[in-house]
Amino acid sequence: MSDPRPIKIFDTTLRDGEQSPGASMNLQEKLEIAQALIDLKVDVIEAGFPIASPGDFEAVQEIATNFRGSTICGLARCNDADIDRAWDAVKLAAAPRIHVFLATSAVHREFKLRMSQEEILERTIAGVKRAVGYCDDVEFSPEDAARTEHEFLCKVVEQAIDAGATTVNIPDTVGYAVPQQLGSTINMLRNKVPNIEQAIISIHCHNDLGLAVANSLSAVEQGAGQIECTINGIGERAGNCSLEEIVMALQTRADYYDCTTKIETRRLVPTSRLVSSITGIEVQRNKAIVGRNAFAHEAGIHQDGMLKERTTYEIMRPEDVGFTKTDLVLGKHSGRAALADRAKALGYHLNGEQLLGVFEEFKKLADKKKEVYDGDIVALAQQQLQITSRGEWQLISYDLQSTSTGEHRVCVHLQCGDIQKTTESTDGDGPVNAAFSAIEEITGIKMKCKDFQLRSATIGRDAQGEATIEVEYQGSNFRGRGVSTNTMEATIKAILNVVNRIAVSGSDNSAET
Ligand code: KIV
Ligand code: ZN
């Protein structure tokens, strides 16, 4: 019997995932996620799109310089400036990769690029050659490949490999493909492209029809050797292929696919929680693999079956994907080492200063609450990561009066570096509205609130409240989170988190994919 076929997992949470509306992350948050992806043992981390903004460049460069264990990849359009910038960002990685893309479908050629097939072929060859001049590991993506004429797709793929691409990625950019069709496209490429054996075929599926995982599995069945995916399936529009789902499908049905990945599956749940808390994009309860109900058995018949024999109703073990039996972990007598240990298991690698900050808050919380859960630690660690720069607005104190007769007065006292400001607002129909107005007046940033959610971070009536806010500012969406045992304080912190993200964003969106 031959060994199972190894499949590379290419994670694009930091690039395509970050393109989810409102999911933009700051440097510190990207570094946290990069560390979690290394711990998860993904083969490739697509760390960003270096030409898109100075912030993107810096994040890719930092990740390339400081993280070892995975290939670090930077995205580039098929032009010299993008490719040079991508190389500059990844060149200090132990294993760098440049990922060059150019659209090939008729609709993109005609309306977006205004280029003929010949021009696309020329640009592909020139772009791949330029990248190969810098780096041995070059990936080429014919964007919208799934809607590209087969004959032309074969030509582009052949020329890209001839020019030196070591991976050819087949994106279903708009999530239009269906499983059998995409599988047969991969099969067709393997049969018709003469030099196809010289490169790894990769698959990159979007989830517009809810088929990204099924389409990727079909591509693997037909010989694809790399899957591009994101944690929790976040990404443009309906998102990308979900990493945890595809990995567990390959593992659970190894009898059928006869493939393996290197993924440390016990890191899936902590990584999912980390990405969710950083991006503010919640994981639906019934989400496969990592949702809170993914292993919850409600029906009596199911519970009875489970007690008699687990496999009657369970095809995977919750502990294999990182669910712990109990998440009650620490109390007021727990020490710093225990806290650091638990934070690390949850995906947070805190440095000395950050650990000290979390420990102080943990002690205060443990005084208020008897039991401190994993969810509390995630909330505290996340809150600590937000307190990074002196140049950001922070809450010093607030005062609130709100009555059922409709009077709402919020007074906030904020600090940014050496500046301290206090203002009062009685605006609007409730305290949240008044808090927005007060913060807008102090910071000068006027936002349109698109979503506001309040939920408990853990269980019990003394649980911490977690506020998540999404706003629109100058045509872009921003998200923020705040946590406190006091829900109004959590809300104010979430608004400030949004304001700080807006202040540091400054991304120029001219380099959109
Ligand atoms: O969806 C897509 O086509 C992409 C490419 C840049 C690979 O994300
Ligand atoms: Zn994509």
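These figures come from a predicted structure and were not determined experimentally. Atoms within each ligand, like the ligands themselves, are counted from 1 in listed order.
For the pair H99 and ligand 1, the shortest N or O to N or O distance does not fall below 3.5 Å. Inclusion of E228 in the set of residues having an N or O under 3.5 Å from an N or O of ligand 1 is not warranted. By the 3.5 Å distance cut-off applied to N or O atoms, E143 is not counted among the residues near ligand 1.
Note: F323 and F295 meet the aromatic proximity criterion, with ring centroids under 6.0 Å apart.
Partners of E149 by side chain to side chain donor-acceptor pair (under 3.5 Å), not counting sequence neighbours, listed by chain and number: R109.
The salt bridge (Lys or Arg N to Asp or Glu O under 4.0 Å) analysis of residues 218-227, with sequence neighbours excluded, yields no pairs. The stretch residues 190-201 participates, sequence neighbours left out, in these side chain to side chain donor-acceptor pair (under 3.5 Å) pairs: N187-N191.
N286 and N293 are not linked by any side-chain donor-acceptor pair at a separation below 3.5 angstrom, with hydrogens and angles left out of the test.
Within a 6.0 Å sphere centred on CZ of R292, heavy atoms belonging to other residues, nucleotides or ligands number 12 at most.
Contacts between R15 and ligand 1, counted as non-hydrogen atom pairs separated by less than 4.0 Å, involve the side chain only. Residue contacts with ligand 1, taken as heavy atom pairs separated by less than 4.0 Å, involve D16 solely via side-chain atoms from C-beta onward.
Among S202, A76, S141, the residue whose heavy atom sits closest to atom 7 (C) of ligand 1 is S141.
The distance cut-off of 2.8 Å around the Zn ion (ligand 2) captures these protein N, O or S atoms, sorted by chain and number: D16 OD2, H204 NE2, H206 NE2.
Interface of H206 with ligand 1, defined as ligand atoms under 4.0 Å from a residue heavy atom, comprises 1 (O).
With hydrogens and angles disregarded, no donor-acceptor distance shorter than 3.5 Å links the side chain of T230 to the backbone of T13.
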